[in-house]
Amino acid sequence: MKKIVILGGGTGISCLLSGLKMFPVDVTAIIAVSDNGSSTGQLKREFDIPAVGDVGQVLLSMANIDDDFKDLLSYRFTKESFLQNHPIKNILLTALIDLKGDLASATEYMCKLLNIKGTILPLTTEKVELIGEDEHGKEFLGEESVSQNVKHIKKLKYDHNVNVSKEVIEKIEEADLILLSSGSLYTSILPHLIVPDIKRAIKNSDAPIMYISNLVTQPGETDGYTVSDHIEKLNEHLEDRKVDIVIANDAEIDKEIVQKYSSLEKKDLVTLDSKKIDSLGVRLISDKIFSVEKGMIRHNAMKTAYLIFSYLMEGE
């Protein structure tokens, strides 16, 4: 069975994993843990733990449980109280960190509880903060601040040297395909690529690197970015390795929905610039990979996973 390692965090990787779990592949998801907003940020500060929110979201996307159980884990308290805005899954992971000793052990237990086929690993079990630095050395502390100031940021780093587990390194080095997930470029994907041990493991791996392109830009982060702009930013951080393949959308999206995104959310479609992609030496796999759910543009999880699986099976 082919081994896929996915680097990412948040909604982007969760959507992708919900499709990949339907195919006969051995999936390992390595999740960024530097978020500092909302429920995750509050728990992180109060309990001195890594961010649990993205890990919880990925656990749900990979879970093989009934809908009632999923609804329970997703339930977010709304009444004004000390529990307000906290989802059950975040509280469970926080409790398990206390019981099991660290986020990796807590995640492993949750994988068994949720009947997950595959492996979910936090990037690190330490509490870490993402820092952006501008050309004058001014620092923007935390994911939220980084996201709001990307246009000024010249360098990403963590508040201390990040320790990565032996299992994370082995999974990358043994992979048949390394996937850089869709999602927030600066706060979900690049946080993996600024860790020296991760870059070293990718360099030591023979696996091709595939990027799943975002469908729309992220306000303040990737305004005006094309597919090739995303690739070039990834290549800048990969250093010795480069993106080999990109999966991107080439189908037209309803103009009314596109206009709504542009006017209300300040998000534009990511332009597919095929010639520039080709000039970078990147193989382009393009298709209709989006779906519209309740007026929202999303990756079609099954179609995207099918294209990944088809690429893996080409050599068989």
Side-chain angles (χ1 to χ4, degrees), residues 7-13 30-38 40-41 44-45 50-51 54 123-124 126-164 178 180-203 209 211-243 246 262 265-273 276-277 279-282:
L7 309 180
T11 304
I13 194 171
I30 300 172
I31 313 301
V33 292
S34 49
D35 189 7
N36 68 332
S38 191
T40 297
K44 182 178 178 180
R45 290 186 294 273
D54 284 358
L123 175 61
T124 181
E126 302 170 1
K127 177 185 175 184
V128 292
E129 296 292 352
L130 190 65
I131 296 175
E133 189 177 288
D134 71 10
E135 59 184 347
H136 303 295
K138 179 182 177 181
E139 293 184 346
F140 302 93
L141 177 65
E143 274 198 13
E144 286 191 319
S145 182
V146 168
S147 183
Q148 293 164 6
N149 293 281
V150 163
K151 63 182 179 180
H152 304 298
I153 289 172
K154 300 299 180 185
K155 179 184 177 182
L156 283 177
K157 61 183 182 180
Y158 283 110
D159 60 336
H160 63 271
N161 292 332
V162 173
N163 292 311
V164 178
I178 296 171
L180 304 178
S181 172
S182 55
S184 173
L185 179 62
Y186 285 87
T187 56
S188 289
I189 316 304
L190 294 183
H192 294 78
L193 305 183
I194 61 174
V195 179
D197 285 346
I198 296 295
K199 281 200 282 196
R200 195 174 302 113
I202 292 174
K203 181 181 178 181
I209 300 172
Y211 171 53
I212 310 301
S213 175
N214 287 336
L215 299 169
V216 296
T217 59
Q218 185 165 353
E221 279 201 26
T222 56
D223 300 301
Y225 271 41
T226 64
V227 174
S228 71
D229 288 331
H230 285 79
I231 293 170
E232 288 185 313
K233 183 56 66 174
L234 291 167
N235 284 346
E236 179 185 321
H237 285 78
L238 283 165
E239 296 178 357
D240 295 315
R241 294 289 310 272
K242 303 298 178 188
V243 172
V246 62
S262 181
E265 301 190 36
K266 309 303 179 187
K267 295 179 180 180
D268 299 308
L269 297 183
V270 175
T271 301
L272 177 57
D273 49 343
K276 182 64 181 295
I277 293 168
S279 73
L280 294 174
V282 178

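No hydrogens, no waters, no symmetry mates; every other heavy atom, side chains included, goes into these values. If you're wondering where the values come from, they're calculated on a predicted model, not measured in any experiment.
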key: Nearest atoms (heavy-atom pairs only) where Ala32 meets Pro191   = CB-CB, 4.5 Å
inquiry  = Just to verify, what does Asp229 make a side-chain contact (heavy atoms from CB on, under 4.5 Å) with, not counting sequence neighbours?
reply    = Tyr225, Thr226, Glu232
remark   = Sorted by chain and number, sequence neighbours left out, side chain to side chain donor-acceptor pair (under 3.5 Å) with Ser262 holds for Asp268
task = Measure the spacing between CD of Glu143 and CG of Leu130 and express it to the nearest 0.5 Å.
result = 5.5 Å
remark   = Shortest non-hydrogen pair, Gln218 vs Ser147, comes out as NE2-OG, 4.1 Å
key: Which residues share a side-chain contact (heavy atoms from CB on, under 4.5 Å) with Asn161, sequence neighbours left out   = none
task = Just jot down the side chain to side chain donor-acceptor pair (under 3.5 Å) partners of Asp223, sequence neighbours excluded, or say none.
result = none
remark   = Residue pairs passing the salt bridge (charged side-chain N to carboxylate O under 4.0 Å, His left out) test with at least one member in residues 187-201, sequence neighbours excluded, are Asp197-Arg200, Lys199-Glu239
ask   = Side chains of Asp273 and Val227: does their closest heavy-atom pair fall under 4.5 Å?
value = yes
request  = Using atom types as modelled and distance alone, determine if a side-chain donor or acceptor of Lys44 lies under 3.5 Å from a backbone N or O of Ser34.
outcome  = yes
ask   = Applying the side-chain contact (heavy atoms from CB on, under 4.5 Å) test to His230, which of Leu185, Asn235, Leu180 qualifies?
value = Leu185
task = Look only at the side chain of Lys266 and the backbone of Thr217, and say whether a donor-acceptor pair between them is shorter than 3.5 Å.
result = no
request  = Could you list the residues that satisfy salt bridge (charged side-chain N to carboxylate O under 4.0 Å, His left out) with Glu144, not counting sequence neighbours?
outcome  = none
task = Enter the distance from Ile209:CD1 to Ile231:CD1 here, rounded to the nearest 0.5 Å.
result = 12.0 Å
request  = Verify, without hydrogens or angle tests, whether Asn214 (side chain) and Gly183 (backbone) share a donor-acceptor contact under 3.5 angstrom.
outcome  = yes
inquiry  = Tell me every residue that passes salt bridge (charged side-chain N to carboxylate O under 4.0 Å, His left out) with Lys157, counting only those two or more places apart in sequence or in another chain.
reply    = Glu133, Glu139
key: Partners passing side-chain contact (heavy atoms from CB on, under 4.5 Å) against Leu123 (at least two apart in sequence or in another chain)   = Ile30, Tyr158, His192, Val195, Ile198
Contacts of type side chain to side chain donor-acceptor pair (under 3.5 Å), residue Glu126, not counting sequence neighbours = His160, Asn163
query = Under the side chain to side chain contact (heavy atoms under 4.5 Å, CB included) criterion, do Ile131 and Val146 qualify, and how do the steps go?
reply = CA-CA 7 Å; Ile131 296 175; Val146 168; 5.8 Å; no
request  = Please identify each residue that fulfils side chain to side chain donor-acceptor pair (under 3.5 Å) with Gln148, with sequence neighbours left out.
outcome  = none
note = Heavy atoms of Val243 and Val282 approach each other most closely as O-CG2, 3.4 Å
ask   = Which value, rounded to the nearest 0.5 Å, describes the distance between Ser188 atom OG and Leu7 atom CG?
value = 11.5 Å
query = How far apart are the closest heavy atoms of Lys233 and Leu190, and which atoms are they?
reply = CG-CD1, 3.9 Å
Rounded distance [0.5 Å steps], CG in Leu156 versus CD1 in Ile194 = 5.5 Å
task = Identify the heavy atoms of Asn36 and Gly142 that sit nearest to each other, and give their distance.
result = ND2-CA, 3.4 Å
query = Can you name the closest pair of heavy atoms from Ala51 and Thr40 and give their distance?
reply = CB-CG2, 3.2 Å
query = Is the shortest heavy-atom distance from the side chain of Ile189 to the side chain of Ser181 under 4.5 Å?
reply = yes
ask   = What distance separates Ile277 CD1 from Tyr211 OH, expressed to the nearest 0.5 Å?
value = 10.5 Å
key: Heavy-atom check, side chain of Asp54 versus side chain of Val33, under 4.5 Å   = no
task = Tell me, please, which residues at least two apart from Ser145 pass side-chain contact (heavy atoms from CB on, under 4.5 Å).
result = Phe140, Asn149
inquiry  = Rounded to the nearest 0.5 Å, what separates atom NZ in Lys242 from atom CG in Leu234?
reply    = 10.5 Å
inquiry  = Holding to salt bridge (charged side-chain N to carboxylate O under 4.0 Å, His left out), I want the full list of residues that pass it with Glu221, two or more places apart in sequence or in another chain.
reply    = none
